[in-house]
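Structure record follows, encoded as structure tokens.
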Amino acid sequence: MTEFELSLFNNLASIPKGRLISYGGLAKLSGYPNHARHVGKVLSKLPKDTKLPWFRVVNGQGKISLQGEAYQRQKTKLEMEGIEVNEQGKVINFKHLKY
DNA sequence: AAAGTGACGGTCT
DNA sequence: AAGACCGCCACTT
């Protein structure tokens, strides 16, 4: 467990329901700007039963980055919080925490 | 050891 | 508005 991951998990856990953050924003918030890709890498290793709100992380264009089955899982999770996702994977009714 | 690979992002066209 | 381009960095081949 690196310091980056620890900070990342703490910040991610603090994202309120109904709000989103970008990969780059989360990286910067965790003290590592320009590490957006690393954030995705870390999140991809989370256990499927994690309590962390991984689904509240979208890319800089406000779109879901996951593909296929995973895309559907995130979309469903977001819709359960009242966030709409259009045909292009873009989130509509949301308040972003930080980009 | 060099090259490829992403749950990415800012700029330029 | 949408792509193309390039920078980025840990990991895997």
Side-chain angles (χ1 to χ4, degrees):
Chain A
M1 176 70 67
T2 68
E3 183 200 337
F4 171 65
E5 291 170 327
L6 192 58
S7 177
L8 174 56
F9 292 150
N10 280 332
N11 287 125
L12 177 55
S14 75
I15 307 299
K17 175 180 164 210
R19 299 227 176 187
L20 305 179
I21 192 170
S22 68
Y23 293 91
L26 188 51
K28 185 162 56 176
L29 203 60
S30 303
Y32 288 77
N34 307 325
H35 287 232
R37 301 194 86 130
H38 192 32
V39 169
K41 192 84 164 174
V42 173
L43 295 189
S44 72
K45 294 182 302 200
L46 287 174
K48 80 174 200 299
D49 59 357
T50 181
K51 298 291 188 279
L52 291 171
W54 56 270
F55 48 88
R56 301 210 264 251
V57 184
V58 296
N59 67 29
Q61 287 89 79
K63 297 195 287 189
I64 292 178
S65 287
L66 298 185
Q67 302 297 312
E69 204 74 27
Y71 168 88
Q72 292 300 334
R73 282 194 284 110
Q74 180 168 13
K75 181 172 185 285
T76 301
K77 284 287 214 173
L78 291 177
E79 289 174 338
M80 284 193 286
E81 296 195 352
I83 296 172
E84 297 178 37
V85 180
N86 72 12
E87 313 74 31
Q88 317 182 63
K90 180 156 184 170
V91 293
I92 307 299
N93 299 326
F94 72 100
K95 301 177 180 180
H96 68 276
L97 195 60
K98 200 161 195 105
Y99 274 130

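By convention in this document, chain letters (A, B, ...) are assigned in the order of the sequence lines, proteins followed by strands, and residues within each chain are numbered from 1.
- From A/Phe94, atom CZ reaches atom CD1 of A/Ile83 across 8.0 Å, with rounding to the nearest 0.5 Å.
- Mapped onto DNA chain C by nearest heavy atom, A/Glu5 and A/Gln88 fall at different nucleotides, with A/Gln88 at the one closer to the 5' end.
- In this structure, A/Gln61 atom CD and C/dA4 atom C1' are separated by 13 Å, rounded to whole Å.
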Give me the distances for all protein-to-nucleotides 5-8 of chain B N/O pairs that come in under 3.5 Å?
unit_1	atom_1	unit_2	atom_2	d
B/dG6	N9	A/Arg37	NH2	3.2
B/dG6	N7	A/Arg37	NH2	3.0
B/dA7	N6	A/Leu43	O	3.3
B/dA7	N3	A/Tyr23	OH	2.8
B/dC8	OP1	A/Ser65	OG	2.5
B/dC8	N3	A/Arg37	NH1	3.1
B/dC8	N4	A/Arg37	NH1	2.2

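- Between A/Ser65 and A/Asn59, the closest heavy-atom pair is OG-ND2, 3.2 Å.
- Judged purely by atom type and a 3.5 angstrom limit, A/Ser44 uses its side chain to pair as donor or acceptor with the backbone of A/Lys41.
- The OG1 atom of A/Thr50 lies 9.5 Å from the CZ atom of A/Phe55; values are rounded to the nearest 0.5 Å.
- Here C/dC6 presents its P atom at 18 Å from CG of A/Asn34, a figure rounded to the nearest Å.
- Residues satisfying the ring-ring contact (aromatic ring centres under 6.0 Å, His included) test with A/Tyr32, not counting sequence neighbours, are A/Phe4, A/His35.
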